[in-house]
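Below is one structure, written out as structure tokens; comments come after it.
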Amino acid sequence: MTALFASSWRRTLVAIALASFAWLVHVLGRVLPDALAAAVWLIMAASIGWGLFRRGRIRRDAFLGAYVRADGRLRRLLRGHLSIPVRAALGGAGLALVLVVSLVRIDDRASFVVLAAGAPALVLAFAVATRGLSAQIARNYLPVAAWRVAVAAVGGAMVAVLVALSFHASYPDLADVDLERAVWHFVDSERARGATVQILLQLAAAGDGLRLWLAQQLMPAPGDSIAEALGWLAVLAEEAVFVWAYLAYLSPAVLGGLRDGSDRGA
Amino acid sequence: MAATAAHSGSRLRIGDALVALAAAAALVWLVMRVEPLGWSGPPETDIVVDGARYRLDPDGIRELETLSIEYFAAGGRDARTIVASEIDAALDRLFARARQSIPAFLDEYYSLRGEYARAAISLGALVGLAEPGELEARAASVLLPEDEWVDALARVDEAIAGRLDAHRERLRAGWLAEIAARLEHRRVPEPLPGATWARPTLVLDEGLAALFAREQSAFATRQTIGATTAVGAALAPAIARAATRRGGAAAAARGAARIGTAGRVGPAAAGGAAVCSPGGPVAALCAVLAGAAAWLATDWALIELDETLHRDELERTLRAALDELRVRVEADLEAAYGEVLAREQAYLEGEIRRTFVPAAAGRRAAGDEEGGP
């Protein structure tokens, strides 16, 4: 257990380094040429994909160990040598795209403070979860279980704070304008050096404009209507995807260096 | 040994923790201090044309500038054509009437009344009762009466102003349509009120309206006033020259004939006296009447002879003089209008160049913002 917490500080350092890289993306994202932005996206996709792959392998191994005989042909068929990497690559690419665009579009410091605080919090939560679950969960599956608990705890807190920040943010009044004008207002505010980056930013901004316009048209007065609930659910889902992508990006700091059984719950 | 290792591990853990905390603090400090870098992109300008908003980069501005200059230059050429056709039509009508008056003028000219009227004016000029050149002025006024001339030129001004107004309106509508068609793919919605990233904005409708209002006022001044005066002064000599070139020679011939006749007045009177015999006061009156009748008959015969011999030539001369005058008047009027059109065209082109310079657009927008509420 002592070794776990000893390594946790190093993992915290790695997590802070990854968060610092995300902050650099936030600061420099609009002035990066497309090639550099693509490199950033690849790095983040690799980080997220590695975590997805690692957790996928652990889950698959746990499944095979529990349900499939070691000497059967089915084990070879289900070991997932192809499907797990492909799903990890696709998931990593998609989540990295969401993450890069969202990082560049963050427009208040408080949100990034939440992200920065989330990095060490995730490592510490993982360590605590690992410690807490080590007596209950099978050793091989413990990292995934601890990861899920840590992500649920830290991610839930981060989403709650980010939604609260969104709730208190000021938005333009779109009640009396048409949809085109509303969307254009958001799209026009997005500028980036790279043409591809700019298009991605503007697409995301168009989504924001659409959501906000719908919200103000459907919810002219605050109240407890279904439409209002759906609107805030959309915000919640958006923030949740972003936070999930961010935490997935940090996963190498948590799962990195773990060898099968050697460092799990020690 | 184990204690040393444990102590060493503890120091390592503390060191790791301190480094991690320091890194976290540094990251938070950076987050709180460093602003993300923005990217403004190329200096774009919003153009408002006919109520629609378009977004143009510097290349688009230059393209629009070139298009506008070429469009209004073509419009200027069309305006010259309009002016020329209007002047041509007006002068056609005016000089057609003058040509139609030539036979009447010649009938008057080759009549005893005309002859003696000219003689009376010439005599009046000699004794100071008539202005020099009045004879020519009266002759010219028969062909081109001044009131008709002035009215006709005033109508030319009005007609040209009206057609140029319509032309400007067509030009404006055509230009707006051309701009709208060319910039359709660059149209953008109106920004929300108070949008902080609003671009410099050029409202071309207002600029164009101001330009056309200026042009309209420029053409509100009569351009034919100078021509009216010039024609008034030039018309009489031109007609008189034509009239007296032949008429002078013919008059000289008639004068010589009259001298000859005067030489024969004595015998004619004597003959009259013979006719009026027997003598007495009645015979003297009869002789005077007979002499006057002979004078008139001689003049009439000479005028008839002069008309027979010279009327066609005088008519050709008068027509040539009118043609020459028409060409000169037309050139003068076109020059007067051409000068105004050229001046307005140069002003318009200068305004377009000034308006479409992106930097100027930016300065103007900045100035508007500073001067705003």
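Order of the sequence lines sets the chain letters (A, B, ...), proteins ahead of strands, with each chain counted from 1. Quick caveat: nothing in here was measured; it's all calculated off a predicted structure.
- To the nearest 0.5 Å, atoms CZ (B:Arg53) and CH2 (A:Trp184) are separated by 10.5 Å.
- The CG atom of A:Asp176 lies 10.5 Å from the CG atom of B:Leu192; values are rounded to the nearest 0.5 Å.
- Residue A:Leu115: no heavy atom, backbone or side chain, is found under 4.5 Å from chain B.
- Heavy-atom distances place no part of A:Ala182 under 4.5 Å from chain B, backbone and side chain included.
- We find the CH2-CG distance between A:Trp9 and B:Leu18 to be 8.5 Å, quoted to the nearest 0.5 Å.
- Between the side chain of A:Arg109 and the main chain of B:Val31, a donor-acceptor pair closer than 3.5 Å is present.
- Open room surrounds CD on B:Glu339; 12 or fewer heavy atoms of other groups in view lie less than 6.0 Å from it.
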Chi angles and distances behind the salt bridge (charged side-chain N to carboxylate O under 4.0 Å, His left out) call for A:Arg191, B:Glu44: CA-CA 12 Å; A:Arg191 284 279 183 271; B:Glu44 293 176 320; 2.8 Å; yes

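- Separation of atoms NE2 (A:His185) and CD (B:Glu190) is listed at 13.5 Å; rounding is to 0.5 Å.
- When every heavy atom of B:Leu30 is checked against every heavy atom of A:Trp23, the shortest pair comes out as O-CZ2, 3.6 Å.
- Residues A:Leu13 and B:Ala23 come closest through the heavy atom pair CD2-CB, 3.9 Å.
- Annotation for B:Leu27 and A:Ser20: closest pair CD1-OG, 3.7 Å, computed over non-hydrogen atoms.
- Looking at A:Ala192, the atoms closer than 4.5 Å to chain B (heavy atoms on both sides) all sit in the backbone: N, CA, C or O.
- Side-chain atoms of A:Arg30 do not come within 3.5 Å of backbone N or O of B:Leu37 as any donor-acceptor pair.
- Interface residue A:Val113: backbone and side-chain heavy atoms are both found under 4.5 Å from chain B.
- For the pair A:Arg181 (side chain) and B:Pro189 (backbone), a donor-acceptor distance under 3.5 Å is absent.
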